[in-house]
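Heads up, the thing below is written out as structure tokens.
First the proteins, then the strands, lettered A, B, ... as listed; each starts at 1.
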Amino acid sequence: MSLLTPDPGLLFWMLLSFGVVFFVLAKYGFPIIVKMVDERKAFIDKSLEAAKAANDRLAGIREEGDRILHRTREEEIRILKDANEVRNKIIGEAKEQAAREAAKLIAEAKITIQKEKEMAIRDIRNQVAALSIDIAEKILRRNLDNQAAQRELVDKLIEEAQKN
Amino acid sequence: MKKTGNCLKSPLDTISLRVKGLLFLLFLLAGTNVYSEETHQEGEKPELNVRELILDHVSDGYDWHITSFGRRHISIPLPVIVKSKESGWHVFPSSKFHHGHEAYKGFYIAQDGPYKGKIVEKIAGQARNGRDYEEVRPWDFSLTKNAASLVMSSILLIILILSCANWYKKREGKPENASPKGFVAFVELVITSIVDDVIKPCIGKNYRRYTPYLLTVFFFIIINNLLGLIPVFPGGANVTGNIAITCILALCTFIIVNVFGSREYWKEIFWPDVPWWLKVPVPLMPAIEIVGLFTKPFALMIRLFANILAGHAIVLGLTCIIFLTVSLGTAMNYGMTALSVIMTVFIDCVELLVAYIQAYVFTMLSAVFIGLSQVEAHHAPKSENIG
């Protein structure tokens, strides 16, 4: 059957044309296409990865911003609280000090008054004594036998003392 | 024709092929029946011999026959290149034979005998088989119909693929610009599907080395298959349905499989991992493995050849219904003509599918065989299971 017996002439032409096709395509055809397709694939993969990384970084930055904002707010609250405390403390201290100062002044004043009072009393005492001595002297200098005259004298002396 | 039928059945399992082979055989039987009836009825008319017609169309020819009006044949003459043992090289157009009716410089196309349809040379002197001359086959490198079609499709394929490659070459180093549209994108789609779905999984890690060969095989087969489906001049030749073509393709795969086979692959052949009594006194398993070595490419060769041949034959057979039913009356003829056209269109669509599938299968099996010859692990899959 001629269909099943390969013809040598056709074998030759087939070998030649397939050989040429194979040589040309394997050297200048498919490797270039396959290489470029691979390169493009690698490029796309790389781009996707880069996009993902950029996205991640963006998310990180956003998170960082949020965190910073949050921290700032906390800081603000804290500072305000601190300031409040400090103010209260200062006010308290000032009050305390004022009270203390006042108490001290009062105490000092009291002491001074006391001293002055004592001095006055002592002065009065001294004057009274001197007066008494004066009066006694005057009484002693007159002859005092008359009761009524004595009484009159005493009153006169006291009057004099008061005038002085 | 029975031989072809057997070949169709034995090594191949594809259902489509079986159905096709069966239809093909039925057709030939039906054709010959009608033919014999016809000769009974009207003896003087030139009878339509379907078997001859189909065989003539699917086999090679020295000129590219286009059509005939009565006795006028219109065909494209092709160069005949022969080397006679006695008179050396001769190159002349095939039109010198006047469609096989005349001899030229002692060469003529044999009408019967062992070299039927081939160029033979008459060498006088040695009487044999009751003749006073001997028919000798010269060295025949004629650019026959198949060879011419082969050359044309090869040039076409080179132009197509190189134009695509050129497109990429212009964008070398700029992968961000290399996203093609239109035809280049289509070729790229086919290439990437073959590389990613066939070559990579079948061969494994060394696949890059074999990619150019397998892609060339795929595109070579598919372009010849598709050109064969076009009924008029640039196509129509039964190239991939010719055993010489599939023989070379299978041979290339055979060479690549065995030349690049690993040490483990050869060990699996000559000293397979089976009980010792299967290999020591009588080398049973090695013998089977060695037979397997040759049956694999042989199956490749027959599969492609038989599929494409059967496809061509069935299309021709269906077309012949029109001419065979002329004698059955006008109504019958009209009905059968409509049926024939519908069936032919259907089968042509199937053939488009087959053109792709056969190219795919050839590439895939070549990749599988190459992959099997690259085994490194000890418990590699046995090669006979595949193919």
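Looking at Tyr213(B), both its backbone and its side chain come within 4.5 Å of chain A, counting heavy atoms on both sides. The contact between Phe12(A) and chain B is made entirely by side chain atoms (from C-beta outward), counting heavy-atom distances below 4.5 Å. Of the atoms belonging to Val34(A), it is side-chain heavy atoms, and not backbone ones, that fall under 4.5 Å from chain B. Only the side chain of Lys35(A) comes within contact range of chain B, judged by heavy atoms closer than 4.5 Å. In this structure, the portion of Ile191(B) lying under 4.5 Å from any heavy atom of chain A is its side chain and not its backbone. Residue contact with chain A, scored on non-hydrogen atoms closer than 4.5 Å, is absent for Asn166(B). If you measure heavy-atom distances from Arg208(B) to chain A, the contacts under 4.5 Å come from the side chain alone. For Asp60(B), the part lying under 4.5 angstrom from a heavy atom of chain A is the side chain only.
From Leu10(A), atom CG reaches atom OG1 of Thr144(B) across 5.0 Å, with rounding to the nearest 0.5 Å. Rounded to the nearest 0.5 angstrom, Met14(A) CE and Ser154(B) OG are separated by 8.0 Å. Between the CE atom of Met36(A) and the CD atom of Glu172(B) there is a distance of 6.5 Å, given to the nearest 0.5 Å. Put simply, CG on Leu251(B) and CG on Leu15(A) are 8.0 Å apart, with the number rounded to the nearest 0.5 Å. Tyr168(B) contributes atom OH, which lies 11.5 Å from atom CD1 of Ile32(A) (distance to the nearest 0.5 angstrom). Rounding to the nearest 0.5 Å gives a distance of 4.5 Å between CH2 of Trp13(A) and CD1 of Ile81(B).
Heavy-atom neighbours of Trp139(B) CH2 from other residues, nucleotides or ligands within 6.0 Å: at or below the threshold of 12. Under a cut-off of 6.0 angstrom, the local environment of CD in Glu63(A) is sparse, with at most 12 non-hydrogen atoms contributed by other residues, nucleotides or ligands. The neighbour count for Phe186(B) CZ, taken as heavy atoms of other residues, nucleotides or ligands under 6.0 Å away, does not exceed 12. Counted within 6.0 Å of CD on Glu49(A), heavy atoms from surrounding residues, nucleotides or ligands total 12 or fewer; the atom is thus considered open. For CD of Glu118(A), the number of neighbouring non-hydrogen atoms (other residues, nucleotides, ligands) closer than 6.0 Å is greater than 12. By the neighbour-count criterion of 12 heavy atoms within 6.0 Å, atom NZ of Lys83(B) is densely surrounded, having more than that number from other residues, nucleotides or ligands. Counted within 6.0 Å of OH on Tyr28(A), heavy atoms from surrounding residues, nucleotides or ligands total 12 or fewer; the atom is thus considered open. Residue-environment remark: CZ (Arg100(A)) exceeds the threshold of 12 foreign heavy atoms within 6.0 Å.
Counting heavy atoms from C-beta outward, Thr211(B) and Phe30(A) have side chains that stay 4.5 Å or more apart. In this structure, Ile158(B) and Val20(A) have side chains that are in contact, with non-hydrogen atoms separated by less than 4.5 Å. Within the 4.5 Å cutoff, side-chain heavy atoms of Glu188(B) are placed close to those of Arg40(A). Side-chain contact check for Phe18(A) versus Leu150(B): every heavy-atom pair is 4.5 Å or farther apart.
For Phe22(A) and Phe220(B), the ring centers are positioned 6.0 Å apart or more.
Ranked by heavy-atom pairs shorter than 4.5 Å toward chain A, the options Leu143(B), Val217(B), Val58(B), Val82(B) are led by Leu143(B). When each of Asp140(B), Leu162(B), Asn242(B) is scored by its heavy-atom pairs under 4.5 Å with chain A, the top score falls to Leu162(B).
Counting all heavy atoms, side chain and backbone alike, Gly29(A) lies closest to Ile161(B) at CA-CG2, 4.1 Å. Listed here is the closest heavy atom pair of Pro212(B) and Ala26(A): CB-CB, 3.7 Å.
Asp196(B) and Lys41(A) are not joined by a salt bridge, as no carboxylate oxygen comes within less than 4.0 angstrom of a charged side-chain nitrogen.
For the side chain to side chain contact (heavy atoms under 4.5 Å, CB included) criterion with Leu25(A), the lone passing option out of Leu160(B), Thr216(B), Leu215(B) is Thr216(B).
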